[in-house]
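In this text, all values refer to a predicted model and were calculated from it rather than measured experimentally.
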Amino acid sequence: MASPESSAAAAGAGTDAASQSAVVEPIRMPTAEEINGQDIWNNCAVRSVVSGVMGGGLGVLMGLFFGALDNPIMAEEMTARQQIVYTAKQMGRRSMSNAKTFAVMGVIFSAAECVVEKARAKHDTTNTAVAGCVTGGALAVKGGPQAACVGCAGFAAFSVLIEKFFDRHT
């Protein structure tokens, strides 16, 4: 039969293990460097430039991929060397075109979202919708007012869908 001391020791050991796993960590205050980093990242100009650079990089990659898929019209009459040269030139053209488009898209969207977020002092889907509308309208403005409206609605809807998709999967 177990003695009362051994039963108490066994019960105490069980509570110690349970209490050790339920230890709550104290809140750690951010360092001065972390605060400065957050202040820099919260600057709309910095966000916009970073988004533009990343958008340009994505555009280069997409241009390389889709440029490689283009087949020359006269492929049967071209030598292998001519086809390689044609494909390389096409990849370069596509890369530059896509890089410019995606860089402008990134700058406009990021700047609009940041300005709206700061003005409203909220981080929600409305900011994304407004930024999408501004971006879509700005990219389609050369096509006239109707194209700008369609671009606004389309890009806003796409932005909200992407925002909802990523919010659900995080």
Side-chain angles (χ1 to χ4, degrees), residues 11-69 88 91-170:
T15 57
D16 286 342
S19 66
Q20 285 178 354
S21 66
V23 173
V24 176
E25 297 276 334
I27 296 174
R28 186 182 68 82
M29 296 301 293
T31 64
E33 292 84 16
E34 291 172 335
I35 292 171
N36 287 338
Q38 289 173 353
D39 288 344
I40 290 170
W41 187 245
N42 285 335
N43 184 335
C44 290
V46 171
R47 278 189 188 183
S48 299
V49 168
V50 170
S51 294
V53 169
M54 293 183 76
L58 176 66
V60 166
L61 294 175
M62 289 184 66
L64 289 173
F65 177 73
F66 287 117
L69 297 178
M91 287 170 65
R93 280 189 223 111
R94 276 274 181 102
S95 292
M96 290 308 297
S97 174
N98 284 355
K100 289 177 193 173
T101 302
F102 278 89
V104 168
M105 191 183 309
V107 167
I108 293 172
F109 185 86
S110 181
E113 185 176 40
C114 185
V115 167
V116 170
E117 186 174 313
K118 297 234 185 222
R120 295 183 65 233
K122 284 185 180 179
H123 179 72
D124 59 5
T125 309
T126 303
N127 301 342
T128 305
V130 171
C133 179
V134 169
T135 305
L139 292 175
V141 75
K142 289 181 182 177
Q146 186 176 6
C149 288
V150 170
C152 169
F155 210 103
F158 179 72
S159 299
V160 169
L161 286 174
I162 293 296
E163 179 87 11
K164 292 291 186 186
F165 177 78
F166 282 123
D167 276 351
R168 195 178 69 183
H169 288 89
T170 55

Do the side chain of Ser97 and the main chain of Arg93 share a donor and acceptor less than 3.5 angstrom apart?
no
Just how far is it from atom CZ of Phe65 to atom CE of Met91, taken to the nearest 0.5 Å?
10.5 Å
Provide the full list of salt bridge (charged side-chain N to carboxylate O under 4.0 Å, His left out) pairs with a residue in residues 97-107, sequence neighbours left out, each pair given once.
none
Of all heavy-atom pairs linking Phe155 and Gly136, the shortest is CB-CA, 3.6 Å
Taking the side chain as every heavy atom from C-beta outward, state whether Leu64 and Val60 have any atom pair closer than 4.5 Å.
yes
Could you go through residues 52-59 and list every donor-acceptor pair under 3.5 Å that involves a side-chain atom there, pairing it with any protein atom two or more places apart or in another chain?
none

Which residues pass the salt bridge (charged side-chain N to carboxylate O under 4.0 Å, His left out) test with Arg47, not counting sequence neighbours?
none
Where Ala156 and Ala129 come nearest, the two heavy atoms and their spacing
CB-O, 3.4 Å
Please round to the nearest 0.5 Å and tell me the distance separating atom CG of Asp39 and atom CG of Asn43.
9.5 Å
All side chain to side chain donor-acceptor pair (under 3.5 Å) counterparts of Ser51, not counting sequence neighbours:
Ser110
Which pairs with one or both residues in residues 113-122 pass side chain to side chain donor-acceptor pair (under 3.5 Å), sequence neighbours excluded?
Glu113-Thr128, Glu117-His123, Arg120-Asp124, Arg120-Asn127
Sequence neighbours excluded, the answer for disulfide (SG to SG under 2.5 Å) partners of Cys149 is none
Least distance between heavy atoms, Cys44 atom then Val115 atom:
SG-N, 3.9 Å
Starting from the C-alpha separation in whole Å, work towards a yes-or-no answer on side chain to side chain contact (heavy atoms under 4.5 Å, CB included) for Leu139 and Thr135.
CA-CA 6 Å; Leu139 292 175; Thr135 305; 4.0 Å; yes
